[in-house]
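Okay, structure first, notes after.
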Amino acid sequence: MTTLLFGFVLVLALASFLVARSRAGQLAGDTPASLHSRPAYHGFYSLLWVLMAGIGFLIVLTLVPNYLMTNSLLSQIGQALPDSAFIERQLILSDAKALATGRIASQTDPLRQEIAAAYAAKAAFWGWIRIALVVGAALIAAIATQATVSLDWRARNRAENIVRLILAAMATIAILTTIGIVVSLIFETYSFFSKIDWQLHKFLFGTTWSPLSGVQEGHMDADKVGAVPLFAGTLMITFIAMLVAVPVGLFAAIYLSDFAGNRTRAIVKPMLEILAGIPTVVYGFFAAITVAPFFRNTGDAIGVSIASESALVAGLVMGIMIIPFISSLSDDVINSVPQALRDGSFGLGATKAETIRQVVLPAALPGIVSAALLGFSRAVGETMIVVMAAGQGANLTANPLEAVTTVTVQIVMLITGDTEAETAAGPAFTLGFTLFCITLLMNVAAQRLVRKYRETYE
Amino acid sequence: MYDTQTHGSALDQTDIKFSARNVQVYYGDTHAIKDVDVDIADKTVTAFIGPSGCGKSTFLRCLNRMNDTIDVCRITGDIRLDGEDIYDKRVDPVQLRAKVGMVFQKPNPFPKSIYDNVAYGPKIHGLARTRADLDVIVEKALRRGAIWDEVKDRLHAPGTGLSGGQQQRLCIARAIATEPEVLLMDEPCSALDPIATAQVEELIDELRTRYSLVIVTHSMQQAARVSQKTAFFHLGNLVEFGETSQIFTNPDDPRTESYITGRIG
Ligand SMILES: Nc1ncnc2c1ncn2[C@@H]1O[C@H](COP(=O)(O)OP(=O)(O)OP(=O)(O)O)[C@@H](O)[C@H]1O
Ligand SMILES: [Mg+2]
């Protein structure tokens, strides 16, 4: 039924578009300039209204009755079985719905049949209301907008306003989602900190991370939630990764944009971008199965002990993963530095190296920094590689050859472990929130730095 | 530059800076310069005139090998600077461009401060030993570029923040700060007001006492005012080349005459 209604609204909108357009055309006759808005705008305006009215009513009249029916039927079940748990009532309701729509229910009894009958009656009632209102609203919109077609009706301005509102609504959805996520992070973090009696310093500066050992009844042991080893591990691996990715990525970008011929570029750039398409889980087992043993054996051969899970291997492989992000973005910004600037420098007798170092790179700096930042955020948030290659034990060390753990690994372990979700979620959300704050701070700091040193060109 | 200059026959033409013979330039399949022969004298202003798209900029860019940066561009023929073939394999274009400076058709200041824009060339060529030396060079160049008074209070503001005409004069100052022997100017005054134009023309006149200058211009009056020699290009051909006074009063070729009197271009 929903599909049918939707189709009806679409067809009506289209028809309304055509009618309004041709009517506007006829009004203008031989003097198209006498119309304030071109005929297509009259059509478009009409189409927008029909769509908004039809689809708006369709959405509202699908969601609201469903909510109302569920509530009233659940309370009806509650009256029949006062002792039943909420989940049991929901099961009965879904069985009843299944019965009413002819699907198979888990069991059938008089109560279920009674509820099913009630559901069917209500659903039929709302179904008719929905059809009537959707069709009615769409028709009214179509007719009303036809009536407005006239020589000086400002259909273009109005249609553009509507489009602007729709665009703003979409942007709002994106922003609201972000706000929602951040608020829920803050909320969970708050409740976690209240569980450790607001001993923030124990979380921020403590060095023992074992939050779930000996947890009883939702109370955390504040001495075991020291997150320092995790952040130290994350930072060490990120640092190693950036050490690999930034020079390699940047130099590759410089080579591609200023030294490579067109043909080389056409081959190499897509190849680099393929690197970005490899799923990180592949990098992860590549690190664990190929790179780590290689390092361990090499270490054995030269008498250095390298753990089979080490920060070095994880950082290295992560760095390789990030190279294409940095090289591809930097290549784009370096390429967008105008040729005229390079010519100006060459024209003064500068060499290619001088030109790149003193003219091109400074001009491209803001873009290069944002490329590096993007890489940094990827590295901080990267999970699969570190889960497989870095280790799980919260081990505070400055030696990159030992196993370390990261924030993301611990979040994975908390959430996938067999502790009930409610207890494990607290520390996980708190870690996530802290990580978010760090990345945000980095971004803000880098933006400021760039603004201070940026060299703008038109 | 290499130092195997052959003196012999060059003696009677010591005042010839550039001599071009049989120059052809192709952009891919487009034949942009056809068979051009020209001699550009030292301590002289040579004007290139001609309708848009006739190849003035292209030929100018051949003289300091700026066309090397364009992949599709191919040049044949012989261009000599002081008797040395500048397209010889042993010639380093970087050194050539230090000797043959260029001001581009569109102003292209670096996104750096005004000071750094002018100091750029002297710095990379090591023309200044101390910071004070550099200050002197920068000031002198800006003064000769007729822009000192406008920028002396904001030497450390970005050069891209200047107006179009100021940017062009900054680029002129930048080019003369490196003390080139030849200065190629591609429509240096197209974005300038009459006052700045007069200042730049004055500068050109002054530079002529020491350098060889080549200037592309769309203004007949300007060509007549500043140049001693004029070359008229049309559709990639060098139609006529000679004394400016002669070209403007008594041209040989009917095409030159039509162009000067405003009938083509
Ligand atoms: N980079 C390039 N690639 C391909 N063709 C080019 C290139 N630059 C110039 N040309 C072509 O070469 C011809 C000469 O161009 P050029 O820029 O030398 O003209 P011009 O005389 O300087 O004109 P204007 O007075 O408009 O500056 C034109 O037909 C142009 O299309
Ligand atoms: Mg030109």
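Naming convention: chains lettered A, B, ... in sequence-line order (proteins, then strands); numbering from 1 in each chain. Computed over heavy atoms, backbone and side chain alike; hydrogens, waters and symmetry mates excluded.
- Enclosure of atom OH in Tyr27(B) by more than 12 non-hydrogen atoms of other residues, nucleotides or ligands within 6.0 angstrom is indicated.
- Looking at Val103(B), neither its backbone nor its side chain comes within 4.5 Å of chain A, counting heavy atoms on both sides.
- Considering only heavy atoms from C-beta on, Val94(B) stays 4.5 Å or farther from Lys352(A) through its side chain.
- Between Val360(A) and Phe110(B), every side-chain heavy-atom pair lies at or beyond the 4.5 Å cut-off.
- In this structure, CD on Gln95(B) lies 11.5 Å from OG1 on Thr351(A), to the nearest 0.5 angstrom.
- For Arg156(A), the CZ atom sits in a packed shell: over 12 heavy atoms of surrounding residues, nucleotides or ligands are nearer than 6.0 Å.
- When every heavy atom of His125(B) is checked against every heavy atom of Gly349(A), the shortest pair comes out as CE1-O, 3.2 Å.
- When all heavy atoms are compared, the tightest approach of Val359(A) to Tyr120(B) is CG2-OH, 3.5 Å.
- For Phe251(A), the CZ atom is loosely surrounded, since the number of other residues' heavy atoms within 6.0 Å does not exceed 12.
- Of all the heavy atoms in Asn262(A) and Asp71(B), the pair that sits closest is ND2-OD2, 3.8 Å.
- Heavy-atom contacts from other residues, nucleotides or ligands closer than 6.0 Å to CZ of Arg210(B) number more than 12.
- For Phe286(A), the CZ atom counts as loosely surrounded, since its 6.0 Å shell holds 12 or fewer non-hydrogen atoms of other residues, nucleotides or ligands.
- Looking at Arg65(B), there are no atoms closer than 4.5 Å to chain A (heavy atoms on both sides), in backbone or side chain.
- Residue Asp68(B): no heavy atom, backbone or side chain, is found under 4.5 Å from chain A.
- Of all the heavy atoms in Arg61(B) and Asp343(A), the pair that sits closest is NH1-OD2, 4.0 Å.
- The shortest side-chain heavy-atom distance between Pro180(B) and Leu348(A) does not fall under the 4.5 Å cut-off.
- Contact annotation for Pro109(B): only backbone heavy atoms (N, CA, C, O) come within less than 4.5 Å of a heavy atom of chain A.
- Atom CG of Asn108(B) sits about 12.5 Å away from atom CZ of Arg342(A), to the nearest 0.5 Å.
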